[in-house]
Trainee: 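Before we start, here is the structure in question, set down as structure tokens.
Any value given below was found using the heavy atoms of this structure, including those in side chains, with hydrogens, waters and symmetry copies removed.
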Amino acid sequence: MAALWNVMRGLCSGHLSLYGIKSLQYKPTGILCQLLCKSSYQRRLFTNKNMMVELDSNTGVAVIQMKKPPVNSLNLEFLTEFAINMEKLEMDRECRGVVLTSSIPKIFSAGLDINEMYGKTPEHTGEFWRAVQEIWLKLYGSNLVTIAAINVSRICSILLLPVHFTSFEQSIQKIECLPQIICPATSEPGASPAGGCLLAMACDYRIMADNPKYAIGLNETKLGIVAPFWFKDTMINVIGRRATEHSLQLGLMYSTSEALKIGLVDQLVAQDKIMTTALSVMSEWLAIPDHARQITKSMMRKPTLDQLLTNRESDIQNFVNFISKDSIQKSLQLYLEMLRQRKG
Amino acid sequence: MAALWNVMRGLCSGHLSLYGIKSLQYKPTGILCQLLCKSSYQRRLFTNKNMMVELDSNTGVAVIQMKKPPVNSLNLEFLTEFAINMEKLEMDRECRGVVLTSSIPKIFSAGLDINEMYGKTPEHTGEFWRAVQEIWLKLYGSNLVTIAAINVSRICSILLLPVHFTSFEQSIQKIECLPQIICPATSEPGASPAGGCLLAMACDYRIMADNPKYAIGLNETKLGIVAPFWFKDTMINVIGRRATEHSLQLGLMYSTSEALKIGLVDQLVAQDKIMTTALSVMSEWLAIPDHARQITKSMMRKPTLDQLLTNRESDIQNFVNFISKDSIQKSLQLYLEMLRQRKG
Amino acid sequence: MAALWNVMRGLCSGHLSLYGIKSLQYKPTGILCQLLCKSSYQRRLFTNKNMMVELDSNTGVAVIQMKKPPVNSLNLEFLTEFAINMEKLEMDRECRGVVLTSSIPKIFSAGLDINEMYGKTPEHTGEFWRAVQEIWLKLYGSNLVTIAAINVSRICSILLLPVHFTSFEQSIQKIECLPQIICPATSEPGASPAGGCLLAMACDYRIMADNPKYAIGLNETKLGIVAPFWFKDTMINVIGRRATEHSLQLGLMYSTSEALKIGLVDQLVAQDKIMTTALSVMSEWLAIPDHARQITKSMMRKPTLDQLLTNRESDIQNFVNFISKDSIQKSLQLYLEMLRQRKG
């Protein structure tokens, strides 16, 4: 029976443009290949500098493991690799779903890399921000089933948050305050702040390691900065308007049980059960015919995606103008120096 | 005191067009008639082929019982009768509220009738889809208090779901899969899929028989099809955006307790208490002056109604184009043949 | 550490116009003054006829106590004072947050004052309604952290609800019904109806006295009237669309536990702990840098505020036209006479 499902899924073709929704590109799942090699277990691996992608052609499931020590910070190189990998999988006839996780023990992602914002040309800064937008567009608008397996943990992520200082003085304020804000218990526990939380929220389903010390959230205001409108829109679509207003105003980091309660994650499991759970949930999602699920997903998410697509250039320009200010650059310098001293 | 309420409610008249909301038509509740006949218990009955409508002029409450064996499938004739009955009640000065239920034991409604989509002219198919739109517009936009008493149960509803195949092969896939999807325990338990769930969601309040075997949901994607945008909008207005995205992508059928938890139904009661509960809830709603409740309801629902009114013709055209495809017609043929064999 | 926070907060300056959101006016917190007088405990008090405002320059927190016996009804004078006080605090460099509460034992606010609508010129009625809009605009759009400490209680608030009768007959109906609706247990318990509930919903956070007899809600339809669109929008932003539709159609007054469950209030505490809790919650909100919190708040609330700003004059005109009708004026007269007799 399951075999017939697979056979039929592969054979079906054509576009479904029912109800005025522009049809998503149909992606056959390579049935001929599948039939030929069914008995042999087939895996394909592409390893980049910052991530490892493993596609099981038998199940159609790819696992993306972020592996950029120490904390999977999102710099331009990482984001570019990520986008290319997503595009590859999106075009791959054998891929139907992606599990996003981390291969670094106890870290999902610490968010955007501050080094991309200091001492760079406006062109570079703009390119960096475009890459942040791009990975969100790719994930939030993906035709694949996307599941975040959030295996966060202990390492503190103060280094890499997107810090947009407005003044020299504020930067000092933040240097002093960050350790307390992000790591209340002296570099324990680690968190999955802003950037990492955004990646997770862009997926279809979120599974998180059940540990009372872990946390997830968009904590921008705690650092004196503001989540962009599309971070906000994504969060509203996941946890609703009131919870988002509360969360964003206070830059709240939620414990795992709070995150589950407000719907920021869908499921908590023991750390060592995260991948098996993710794959099991994936198989439920893959039981749904792809094209119907894809059109439904697009119907839900297109208005939010269009908002950024329409305002993409002005969003970049705003970011670049802000980051290029002398006061901000000076703040970033101080901040990075402080971090180097701490490290030393 | 309660009598005075009724008296005064009947006497009041005029339009309330406060706050820029176009006033709904005022419908006096026939107080003179009511005063004359108060002591005598007055019921009016109109029975059609597919439904029975009983209006109690004393309470102002009509009960619509769907009675189209075997499973209250929504075909053109049924939908047309339903719309005419709703219009009658809407215009009836003695009617203030409607309870929608089924007289078929253990069935609420199995959804749209596939026979209306196979071997019919485009004109017929368009007329059918317009009738589906019409009953939703009538229910969702009704000035009456509308309560769904969902007495679903055991019979399997594979026969009548809106199946929009995209290809010959998919149809086979579906024929194989349907029994497992819809009736996991071999024609037990029955469900209230797509069409029936839509009717319920269009009401003001939903009461469901409390039985762990029952289920309710919009399961389109499970069949390879997509819920139209106004199904989606209605669901978002009931259970919110995240639950809708999850629900529609997976075509989830919710158990009664899950349905209660996410707000898809408002109340669970024992099967034999459904009608008394519905009438008791109705009396609470009827304690509210009609015109104020109607304007408030319109203020909440008008934007969603307007979306379909504005896009009605293109929605029909999309449906007709889709259904008229050779591949779809062939699929439907195969599917119906399979059902006949199964029956035989 | 905390001292450094304060120092730095005061020094920081400039506008943050990240992400295309128009920057809110920056309000430095008077650090020089603060540094000079830090050791001495500094309070400033401005008492008006209807409210008392106490600003603690040390913490930056102002407490507004409504003190208009018997039930803090919202008449033009009260609303004007309130708006002036809010504007003063908004401009005050030492104020960062406001706690809104009542100094009248067991009353928060009984809502709009019906006397402002009877026997007044259209000009006066329009001015009154503009004042209602204004206080909502000021509260909902405030740059300050706003916390409602809802210390409601026993006194019945039938006198002051915004009653928009559509006819002579309806007014009688309401006179008879009000006591039962608003004060089910014979003038026990008091409630925080429409106007008071709106003030609370416009704040950032709501703390309510935990007493099973207390209630909160927008009960307009129970009186035959309709909540204006911006009451509705505010409620949707707090409790979501389905709960708002249910709530507004039935004019539901929620018990404290129900209000907590649906999110209409954020926290319940013992009556005597309300102010200490409010101040403690406030300190958490004040740990967030003002400008980031303000821009975030504006990003969330601006679309809702703009809706009223765009339609302000027509909203006033609708209200005036409605209230000026002979039938409404006659109803109001009857109602007020009834109340005077009851009082006597």
Trainee: If you count heavy-atom pairs within less than 4.5 Å of chain A, which of B/E245, B/Q317, B/H246 leads?
Mentor: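 The answer is B/E245.
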Trainee: Less than 4.5 Å to any heavy atom of chain B: does that hold for the side chain of A/D204, its backbone, both, or neither?
Mentor: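 For A/D204, heavy atoms of backbone and side chain both lie under 4.5 Å from chain B.
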Trainee: Are B/R242 and A/I239 packed together at the side-chain level, in the sense that at least one heavy-atom pair is separated by less than 4.5 angstrom?
Mentor: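 When only atoms from C-beta onward are counted, A/I239 and B/R242 do not touch, as no gap falls below 4.5 Å.
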Trainee: Pick from B/L250, B/L248, B/I316: which one has the most heavy-atom pairs with chain A under 4.5 Å?
Mentor: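 Most heavy-atom pairs under 4.5 Å with chain A: B/L250.
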Trainee: Heavy atoms, side chains only, cut-off 4.5 Å: are B/K232 and A/M299 in contact?
Mentor: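 Yes, their side chains come closer than 4.5 Å.
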Trainee: Are any of the side-chain heavy atoms of A/I295 and B/E220 separated by less than 4.5 Å?
Mentor: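 No, too far: nothing below the 4.5 Å cut-off.
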Trainee: May I ask you to test the B/Q249-A/M300 pair for a side-chain heavy-atom distance under 4.5 Å?
Mentor: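 They are not in side-chain contact.
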Trainee: Can you tell me how far apart OG1 (B/T221) and CG (A/D290) are? Round to the nearest 0.5 Å.
Mentor: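 Separation between the atoms: 11.0 Å.
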